[in-house]
Amino acid sequence: MSTFTRLAVVFLTIAGMHCHNAVAQSLTPEQQLLRSIYQELIETNTTNSAGSCTVAAQAMSARLKAGGFADSDMQLIIPPGGPKKGMLVARLKGNGAKKPLLLLAHLDVIEAKREDWTRDPFKLIEEDGYFYARGTFDNKAQGAIYVANMIAFKNSGWKPARDLILAMTCDEETIPSEFDGVDYLLKHHRDLIEAELGLAEGGSLAQTPDGKLISHGLQAGEKIFQSYTLEVRNKGGHSSLPVPDNAIYHLAEGLTRLGKFSFPFRLTPTTRSFFERSADAVGGQIGTDMKAILLPTPDPQALSRLAQVNAFYNSSVRTTCVATMLNAGHATNALPQRAQAVVNCRILPGEKPEDVQQTLVKVLDDAQIELTPMGTAVVAPAPPLNPVLMAAMQSLSQKMWPGVPVIPTMAVGATDARFLNSAGIWTYGVSGLVKEANGSGIHGLNERLSVKSLYEGQRFLDELTRAMAK
């Protein structure tokens with residue numbers, strides 16, 4: 001039986017009615033299978049509040065089994081005390097010539113309120129060339145691609161030079177969490193994911209507002225995630241007898257001072273390389289400004305313009321701390337006895353969380369504001385650039401997107417790669433997916449991914465995986 005016929009049989013067996021007929025007619029069997037898996041994964045709610053990663057992991061296990069994987073090739077792991085935090089680890093055995101390659105994606109997604117969205121965030125909607133739903137980009141596209149590609153690898157008869165390990169985990173979006181899947185696997189089942197290197201979320205194709213592709217990012221390292229609770233306590237009283245000493249006012253004034261403060265500008269080797277390589281690719285005033293911040297004395301006006309153009313540029317060159325949550329008061333007719341806030345910091349590599357905490361205390365400048373770290377930051381080293389991976393990415397990128405350079409990047413957010421890099425499993429952010437200039441709605445409203453990008457990402461990750469496992 002040919003590879004094409006096998007894939008067609010697999011699709012007809014497990015795709016069911018998930019694909020619309022009109023769409024199925026225009027897609028290859030591999031793409032039809034991906035779309036079906038993608039829809040099932042999107043429409044399985046995996047939010048922390050109401051969803052279940054376990055249900056999603058079971059569904060993906062069923063997909064792999066229908067695609068030819070034996071039960072012995074897969075492990076469904078549910079951590080004690082976390083019945084909805086299940087994860088899946090599957091392995092396609094190679095010939096053992098090289099150490100395994102880990103393919104990592106997280107099943108969980110950020111919360112989404114139906115009343116805030118234009119469309120139902122938990123139904124995959126294809127409209128005007130885009131897929132809309134929570135998780136369309138972060139991170140269910142990559143997860144679905146990995147599952148579809150693993151089935152294709154299995155049915156093609158390909159024998160890779162190394163085992164391919166697929167890990168689909170939970171609670172990447174919840175920090176801190178006692179059920180973070182990668183952290184849990186490293187502590188309790190490291191043998192299941194032990195690998196020479198890993199490929200995960202983080203890297204993407206960058207796009208200008210007018211749709212021009214300007215770079216293909218390879219994530220090599222990330223900022224340090226650390227949140228703090230701010231709390232002011234007060235004796236309170238009756239609201240008819242107000243006094244200046246008000247817990248809400250103390251907290252609000254401290255947060256206002258924080259909002260006006262900026263941590264100092266600093267380039268890391270990765271971010272310097274990013275701006276050096278991006279300047280010519282972007283061109284125009286933005287490219288000129290990128291070059292200006294690389295000077296021995298960076299141009300502050302150029303830095304200000306870059307920050308206004310794209311918040312990513314500002315976050316790449318400094319530690320940031322921002323208020324993300326507020327809670328205060330206990331009754332509408334009472335003076336507040338307590339006011340609380342959460343401040344989330346993303347700390348540049350090489351800077352210490354404890355030093356950032358001291359800076360926050362100085363900026364808040366109010367002894368009544370008590371500052372407490374939420375959990376302990378994971379301080380991970382940046383992985384060294386892998387020349388084989390870089391060469392493979394450059395070759396594939398030039399074939400698929402001619403003229404678009406591959407540029408190493410530092411993630412300004414946090415990913416589960418930090419746990420793997422801390423454990424010595426060098427992990428890189430690579431997706432082959434296009435992120436729009438406005439961020440594609442990731443963690444926000446109306447998250448979306450272009451239909452074209454999903455299928456190009458499938459092809460890219462298929463060929464990249466093969467290149468890294470030959």
Ring-plane angle category for Tyr455 and Phe131, please: parallel below 30°, perpendicular beyond 60°, tilted otherwise.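 Aromatic pair Tyr455/Phe131 classed perpendicular.
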
Strictly by side chain to side chain donor-acceptor pair (under 3.5 Å), give each pair with a member in residues 428-441 just once, sequence neighbours left out.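 Residue pairs passing side chain to side chain donor-acceptor pair (under 3.5 Å), neighbours aside: Glu436-Arg448.
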
What residues form a salt bridge (charged side-chain N to carboxylate O under 4.0 Å, His left out) with Lys291, not counting sequence neighbours? Asp280

Residues two or more places apart in sequence or in another chain: which of them pass salt bridge (charged side-chain N to carboxylate O under 4.0 Å, His left out) with Glu196? Arg162

Can you establish whether the number of heavy atoms outside Phe265 located under 6.0 Å from its atom CZ is more than 12? yes

Do other residues, nucleotides or ligands put more than 12 heavy atoms under 6.0 Å from Asp128 CG? no

Answer yes or no: is there a donor N or O on one side and an acceptor on the other, between the side chain of [X] and the main chain of [Y], under 3.5 Å?
X	Y	answer
Gln39	Ser36	no
Lys223	Arg346	yes
Asn421	Thr427	yes
Asp108	Asp171	yes

Is there a donor in the side chain of Asp138 and an acceptor in the side chain of His443, or the other way round, less than 3.5 Å apart?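 Yes, a side-chain donor-acceptor pair sits under 3.5 Å.
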
Does a salt bridge link Arg35 with Glu126, judged by any charged N lying under 4.0 Å from a carboxylate O?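 Salt bridge flag = yes for Glu126 with Arg35.
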
